[in-house]
Amino acid sequence: MPMGHTATAQAGSGGLTATEHRLANGLRVVLSEDHLTPVAAVCLWYDVGSRHEVAGRTGLAHLFEHLMFQGSGQVKGNGHFELVQGAGGSLNGTTSFERTNYFETMPTHQLELALWLEADRMGSLLAALDEESMENQRDVVKNERRQRYDNVPYGTAFEKLTALAYPEGHPYHHTPIGSMADLDAATLEDAQAFFRTYYAPNNAVLSVVGDIDPEQTLAWIEKYFGSIPSHDGKQPPRDGTLPGIIGEQLREVVHEEVPARALMAAYRLPHDGTRACDAADLALTVLGGGESSRLHNRLVRRDRTAVAAGFGLLRLSGAPSLGWLDVKTSGGVEVPQIEAAVDEELARFAEEGPTPEEMERAQAQLEREWLDRLGTVAGRADELCRYAVLFGDPQLALTAVGRVLDVTADEVKEAARAHLRPDNRAVLVYEPVEPADETDATDAHEGADK
């Protein structure tokens, strides 16, 4: 049986606990009992994301997320979905810059099924991976790119801003969706090598949260995962270190068929897992976190120059995080008018900092968001994996709320002063264009088909 230790409830954890274990093959296991409802969440994080990809093979991590649902040694085709949903559970997977995760929420009595399914594809996916499944999922991912990025208003904004904020050659320069050319270029051999390198037990963290018997759960995990061999060929991700400030304002004007002019910007912020990042999160919440925020009050309510104004945080541990500004203009308002108002608000905030009322409201908002995640078995399982993979300690998930509440108003002011400035942002300006003439478009399409 695996060795492990039990963590006691820590201050600020709301009484939540987690136990940690490690199998002989290197798989890290985190368990958290919660008998409030008869369900259990299984979450598996692999330490691989788009930052691990190399030039010419972007999108491979995301493609593989899809391939993991295309059958394994003992589960054919769409069987993973069918078995989980047939047992009354739900499931999915996602890919980011820094990880790929897979998760199921099951009725308690079906927990063993979810563990067996995850172990089967970790241990035997290569037995089912062939050219047919590769082509099938390549087309699915390319279609996802069209539907979510290329063919929707503002769809490529995130891709454009990250490419501006992180220089060419940086591991975060490209987004997880990958390019069409690279998706076309990926071979079955690429996929097989990617799986062998990254989908090994010693490159993963498995968390199980909910109405569980820890001893029985560990026995199942040892039974199904324990015989999967480890793999030592993984190279560390390329260094994502950058200066804290971009040093200039980077700018791109985009002429597209969009409903309204828009101002979007990405500010370089401190790395996730730091007190400075929590302070920046609070600053962005005061400035653009909802309808009580300064930017919403100024642009939407008072000036009526925008129909939406928000500021959010993309937390990243291996590179500077990004503060994401998104303002959609109203009527015929020009972007320079919006930008001047934004800069005025940011400069004033950097000078004055948050009021006590704003500080209390922002901390309460972030506290609620954290507790909402920890309050569900699936959300807690995901956070335990996140802190284990990115920061080496799943227990940090249980005390994150306390760290946010410990940040002072002066630290929030300093975060804004240091980072929310014009020489530390990449800017996108969207200018609408008239839709292409349908007759011309039809003629061009017909000509291309001949």
Q. Hey, mind stepping through Y430 and E256 against side-chain contact (heavy atoms from CB on, under 4.5 Å) and telling me if it holds?
A. CA-CA 7 Å; Y430 275 88; E256 284 187 2; 3.7 Å; yes

Q: Dump the intermediate steps for side chain to side chain donor-acceptor pair (under 3.5 Å) on H80 and E104, then the final yes or no.
A: CA-CA 10 Å; H80 195 113; E104 295 89 3; 3.0 Å; yes

Q: Decide yes or no on side-chain contact (heavy atoms from CB on, under 4.5 Å) for R121 and E118, but give the supporting numbers first.
A: CA-CA 6 Å; R121 59 182 175 182; E118 287 294 358; 3.0 Å; yes

Q: Tell me, with the steps shown, if D326 and K328 meet salt bridge (charged side-chain N to carboxylate O under 4.0 Å, His left out).
A: CA-CA 7 Å; D326 187 351; K328 305 295 194 311; 2.8 Å; yes

Q: Take T408 and D410 through the side chain to side chain donor-acceptor pair (under 3.5 Å) test and state the conclusion after the steps.
A: CA-CA 5 Å; T408 67; D410 284 342; 5.3 Å; no

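Contact detail for S330 and A306: the closest heavy-atom pair is OG-N, 3.5 Å. Between M134 and T187 the shortest heavy-atom distance is CE-O, 3.2 Å. The minimum heavy-atom distance between F69 and E65, with the atom names listed, is CD1-O, 3.3 Å.
Screening R361, E360, M359, Q363 against P354 for a side chain to side chain contact (heavy atoms under 4.5 Å, CB included) leaves a single residue, M359.
R28 has no carboxylate O lying under 4.0 Å from a charged side-chain N of D47, or vice versa, which leaves the two without a salt bridge. Salt-bridge annotation for D382 and R380: absent, with no side-chain N of the basic residue lying under 4.0 Å from a carboxylate O of the acidic one. The residues R145 and E159 are annotated as salt-bridged, a charged nitrogen and a carboxylate oxygen being separated by less than 4.0 angstrom. Using a 4.0 Å cut-off between a side-chain N of Lys or Arg and a carboxylate O of Asp or Glu, R348 and E345 qualify as a salt bridge. Using a cut-off of 4.0 Å between Lys/Arg side-chain N and Asp/Glu carboxylate O, E53 and R57 are scored as not salt-bridged. Note on R386 versus D272: salt bridge recorded, some NZ/NE/NH1/NH2 to OD/OE distance being below 4.0 Å. A salt bridge links R251 with E339: the distance from a Lys NZ or Arg NE/NH1/NH2 to an Asp or Glu carboxylate oxygen falls below 4.0 Å. The pair R421-D343 does not meet the salt-bridge criterion, since no charged nitrogen lies less than 4.0 angstrom from a carboxylate oxygen. E344 has a carboxylate O that lies under 4.0 Å from a charged side-chain N of R298, or vice versa, which qualifies the two as a salt bridge. Ion pair E431/R261 flagged as a salt bridge, since at least one NZ, NE, NH1 or NH2 atom sits closer than 4.0 Å to an Asp/Glu carboxylate oxygen. Remark: E358 engages R294 in a salt bridge, criterion side-chain N to carboxylate O under 4.0 Å. For R315 and D281, the salt-bridge test passes: some basic side-chain N is under 4.0 Å from an acidic carboxylate O.
The neighbour count for E189 CD, taken as heavy atoms of other residues, nucleotides or ligands under 6.0 Å away, is above 12. Other residues, nucleotides and ligands place no more than 12 heavy atoms under 6.0 Å from the CD atom of E132.
The closest donor-acceptor contact from the side chain of T100 to the backbone of V48 lies under 3.5 Å.
Looking at H419 and R268, their side chains never come closer than 4.5 Å, going by heavy atoms from C-beta outward. Using a 4.5 Å heavy-atom threshold, the side chains of L346 and F311 count as touching.
Judged as a ring-ring contact (aromatic ring centres under 6.0 Å, His included), and not counting sequence neighbours, H231 has no contacts.
For Y267 and W324, the gap between ring centers reaches or exceeds 6.0 Å. Between F64 and Y198, the gap from one ring centroid to the other reaches at least 6.0 Å.
Under 3.5 Å, the side chains of H52 and Q235 contain no donor-acceptor pair of N or O atoms.
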